[in-house]
Amino acid sequence: MSEQGTDSTVTGTGEAATYDVRSVEQKWQRVWAELDPFRADDAAVTEGRREKRYALTMFPYPSGDLHMGHAEVFALHDVIARYWRFRGYEVLNPMGWDSFGLPAENAAIRNDTHPATYTYANIETQLASMKHYGLSFDWSRRLHTSDPEYYRWTQWLFLKLREQGLAYRKNSPVNWCPQDQTVLANEQVLADGTCERCGAEVTKKELTQWYFRTTHYAQELYDGLDALQDTWIGKVANAQRNWIGRSEGAHVSFDVEGHDPVTVFTTRPDTLFGTTFMVVAVDAKLADALVTDEHRAEFEAYRDDVRKATDIDRLATDRAKTGVFLGVHATNPLTGDRIPVWATDYVLADYGTGAVMGVPGGDQRDWEFATAFDLPIVRTTEPPADFEGEAYAGEGAAINSPAPGVESALDLNGLPVAEAKSATIAHLEQIAHGAGTVNFRLRDWLLSRQRYWGAPIPIVHCPACGEVAVPESELPVRLPELRGADLKPRGTSPLGAAREWVEVACPACGGPAERDTDTMDTFVDSSWYFFRFLSPNDDTQAFDPALAEAWGPVDFYLGGDEHAVLHLLYARFFTKALRDLGLITWDEPFTSYLSQGKVINNGRKMSKSLGNGIDLGAQLEQFGVDAVRLTLVFASPPEDNIDWADMSPTGSLRFLQRAWRLSGDVTSAPGTDASGGDVALRRVTHRTVAEAETLLESHRFNVVVARTMELVNATRKAIDSGPGGADPAVREAAEVVARLLSMVAPYVAEEMWDRLGHAPSVAQAAWPSVDPALLVAESVTAVVQVQGKVRARLEVAPDISAADLEALALADPVVVAAVDGREVRKVVVREPKLVNLVV
RNA sequence: GCCCCCGUAUCCCAAUCGGUAGAGGAAGUCGCCUUAAAAGCGACGAGGUGUGGGUUCGAGUCCCACCGGGGGCACCA
């Protein structure tokens, strides 16, 4: 490329040579743009010429420029992508933008512009920053979810899912954000009842909305996590399990006077003998159906009170139990007892059946309720002798099941919980009053949003035909051009006000009809973007199934913890739906998943209000891309948080300069055979490469950097106080350093590779091969322990036999002294490293 | 309350199968360089692994309990 030294500043005596960070960055960006070395070749994979690897990192939302968080995730991701290329895989490493969403809309209202203005300007800014940041993306596959060519297929997928019964519309109470003026999915409401996006308190509103039937795959989504346990970062699989919330139990059917039987879900069928009342969610239709005329006034007054209470009040778990008697009685199917039916707000209408059997002896909530309203309490599990609580929900023998002296067709007394459960379920099935079942916490995914900047739902509502799908040939349903004040939230979608857009002929009957005026949750867009990357410019289909077969599933996915349940669960749902549509054969989208930690500053999250934000641009300006990337990768294991205050980009730059200096001190010619070189250095070099392979496979990138630093130190020593820069082993070592470094600090690595006489790019170099003979040390230090205490160290051959090592150890004078004539009862030999004598 | 993860040197962190606790970096100290300082270059030390038990010839690593930190779920029956 360039002749040695022109881009480098070599300064005077006593001071070390350094390279000029900025000019090196400019130079290699030009070279990469020409070479385009990161383009993925579909044919290489479909024709089986190379093994594929699909590396994916979450595409950003285009709000402003990249920040430190992006810098970390992209730096980590690039290590894997570049490593796989080195190892000869055909690597698909695409990038795009998740470019629909509220911030663009809010900016458009503020500035009286179109959301696209903000969106596409930011995309260009981020694109330039990514290129400067030296990332090895295949830019030919760039996509934006807000492009009509993209959302056309989002709409198409919506229609396909609807055909499968996986998308449907229903009226129900939904989460409503008064700030954003839109509904939210359950997943977008935080545990404290506030909106995850804007922090406003979420309220409930009765609306007809579109849903994806995620619950159809609840069991499969849950079970699939087992197979991902070892390749997904553990906490994410755990979070998904908690979110899906599988619980095993039983449905129990209670006869109710004057009504159809009422079914409840319980995880403790064994406590049925202790059921002394039934409680129904006050806001469930069931409560309204059960209440007698005599009790209706009281019931409705209570219900009004409950409705006025906010979610935040409801979520306070230490609140006193409240409720009203509905005036009806049910029959306990085991005891035949008449039990009262109450309405309460501690039972949830949309979990299980909205009704619960009250077992005060075994459930603390029921205990509190029974105490408050003077209902009978029966223990059905024997608590330990020292138990001091109220309700007892632990292990123990069944008691009072039935009560002493009572005849019963089912007798659980004395049985442990698990056996009592299965015996009860068997009995309920026999008397046709229940069955074993599994219940999930997971709800269907509410996807309608009353906002503008998203994919319109491709449905037409016709007074004659009802819901009619927009024909595929008419996709995409494009957004009307709205800007500024037209986008202001007003409780209905801004699309509703665009009358000329809304009013269409019904695709079925041709009569006057109206478009659906909601847009899809932007999580729909990102649930399938990794499919679109396979054939991003295909205008005949969402993606090419043959390429999905060739490239899928994603081999490595890196992203943020904040998407542990939302995006990852939705993407898994879409993948299963696409499988059932026959478009793909595999059913988990991400073979391995890693989430990186956050970049914080001084122990705290970076934020404007704290004034502790670190500006990525300023860091890059000061230290250069390579040093910033190196700092982020080296800081800690990828999944841990990085406190920027603990880090030293100065130290990183110092190291990079030292590494670069090696390339100037190599005096042997390119291509020199290393086999005659200094063996000690060659051992370090080959051991480093071998270890780097293992570390990279297990994503321990920080340790790879540390090993590279060791190799640099060893090479420096060899040059200054060893065999010198002419030794071929020094060249070999420097060339390994360049390649290891290229995964983290591509600019300086290119510069080194160039100075070492290679062209055109280290990104196209081959991975160094490891000579196994050099992995075996010449001699190793064996430790001799007496009673576990180190008494002697012996230099021995690595292939020493156990017997020889034992003999050597027993003959050592220090060891003999330590044994001090005592009887050696046992000798543990782990050749070649250890001997332990037990006396 | 239930479920996961993590506690190693002043700090960030290493330590394949249980086998000499220390690789790397930062800070520090001391040199060199400098009129001086910073930067740069070179050298150096440092703890017995959160606590208490257990298993083992041998535990940072495995088991139990507790303490501390982080995360997920949560009136989910």
Using atom [atom1] in both nucleotides, what's the gap between [N] and [M] to the nearest angstrom?
N: B:C4; M: B:A23; atom1: C1'; result: 30 Å
N: B:A74; M: B:G19; atom1: C1'; result: 45 Å
N: B:G25; M: B:C13; atom1: C1'; result: 8 Å
N: B:U8; M: B:G48; atom1: P; result: 14 Å

Judged by modelled atom types alone, do A:E795 and A:S779 share a side-chain donor-acceptor pair under 3.5 Å?
-> yes
Using the test side chain to side chain contact (heavy atoms under 4.5 Å, CB included), find all partners of [X] that sit at least two apart in sequence or belong to another chain.
X: A:D804; result: A:I800, A:S801
X: A:S652; result: A:A627, A:L630, A:T631
X: A:I425; result: A:A250, A:P269, A:E429

Show your working on side chain to side chain donor-acceptor pair (under 3.5 Å) between A:D444 and A:T215 and close with a plain yes or no.
-> CA-CA 6 Å; A:D444 282 340; A:T215 53; 2.6 Å; yes
Going by a 90° cut-off around 0, is B:C33 syn or anti?
-> anti
Syn or anti for B:G60, with syn set at within 90° of 0?
-> anti
Counting only pairs under 3.5 Å, give me each side-chain donor-acceptor contact of residues 832-839 of chain A, with atom names and distances, residues two or more places apart or in other chains.
residue: A:N836; atom: OD1; partner: A:G788; partner atom: N; Å: 3.2

Name each donor-acceptor pair under 3.5 Å that joins a side chain in residues 592-600 of chain A to protein atoms two or more places apart or in another chain, with its distance.
residue: A:S592; atom: OG; partner: A:D555; partner atom: O; Å: 3.0
residue: A:Y593; atom: OH; partner: A:G560; partner atom: O; Å: 3.3
residue: A:S595; atom: OG; partner: A:D561; partner atom: OD1; Å: 2.6

Does the gap between the ring centers of A:F277 and A:W342 come in under 6.0 Å?
-> no
Identify all pairs in which a protein N or O lies below 3.5 Å from an N or O of nucleotides 16-19 of chain B, and state each distance.
residue: B:G19; atom: O6; partner: A:R830; partner atom: NE; Å: 3.4
residue: B:G19; atom: O6; partner: A:R830; partner atom: NH2; Å: 3.4
residue: B:G19; atom: N2; partner: A:N836; partner atom: ND2; Å: 3.4

Looking at [options], which one has an atom nearest to any side-chain atom of [X]?
X: A:D640; options: B:C13, B:A77, B:A27; result: B:C13
X: A:R661; options: B:C41, B:A14, B:A77; result: B:C41
X: A:D345; options: B:G25, B:C75, B:G42; result: B:C75
X: A:R441; options: B:C13, B:A77, B:C73; result: B:C73

Would you tabulate the pairs of protein nitrogen or oxygen atoms and nucleotide nitrogen or oxygen atoms of nucleotides 43-48 of chain B closer than 3.5 angstrom?
none

Quick one: the side chain of A:R268 and the base of B:A77, do they pair up donor-acceptor inside 3.5 Å?
-> no
Sequence-aligned protein contact record of nucleotides 2-12 of chain B, with B where the base is within under 4.0 Å of a protein heavy atom and S where only the sugar-phosphate is | -BS------SS
Taking OP1 and OP2 of B:A77, is either one under 4.0 Å from a side-chain nitrogen or oxygen of A:S247?
-> yes
Set of residues satisfying salt bridge (Lys or Arg N to Asp or Glu O under 4.0 Å) with respect to A:D223, sequence neighbours excluded = none
Please, which pairs that meet salt bridge (charged side-chain N to carboxylate O under 4.0 Å, His left out) have at least one residue in residues 634-651 of chain A, sequence neighbours excluded?
-> none
Contact list for residues 703-714 of chain A, test salt bridge (charged side-chain N to carboxylate O under 4.0 Å, His left out), sequence neighbours left out = A:E691-A:R707, A:R707-A:E710
In terms of the nearest nucleotide of RNA chain B, which residue is placed more toward the 5' end: A:G245 or A:D720?
-> A:D720
Atom-pair distance (CZ on A:F655; P on B:A39), nearest Å = 20 Å
Given pairs defined as Watson-Crick or G-U wobble with both distances under 3.5 Å, what dot-bracket annotation applies to RNA chain B, with ( ) intrastrand, [ ] crossing, | other strand and . unpaired?
-> (((((((..((((.....[..).))).(((((.......))))).....(((((..]....))))))))))))....
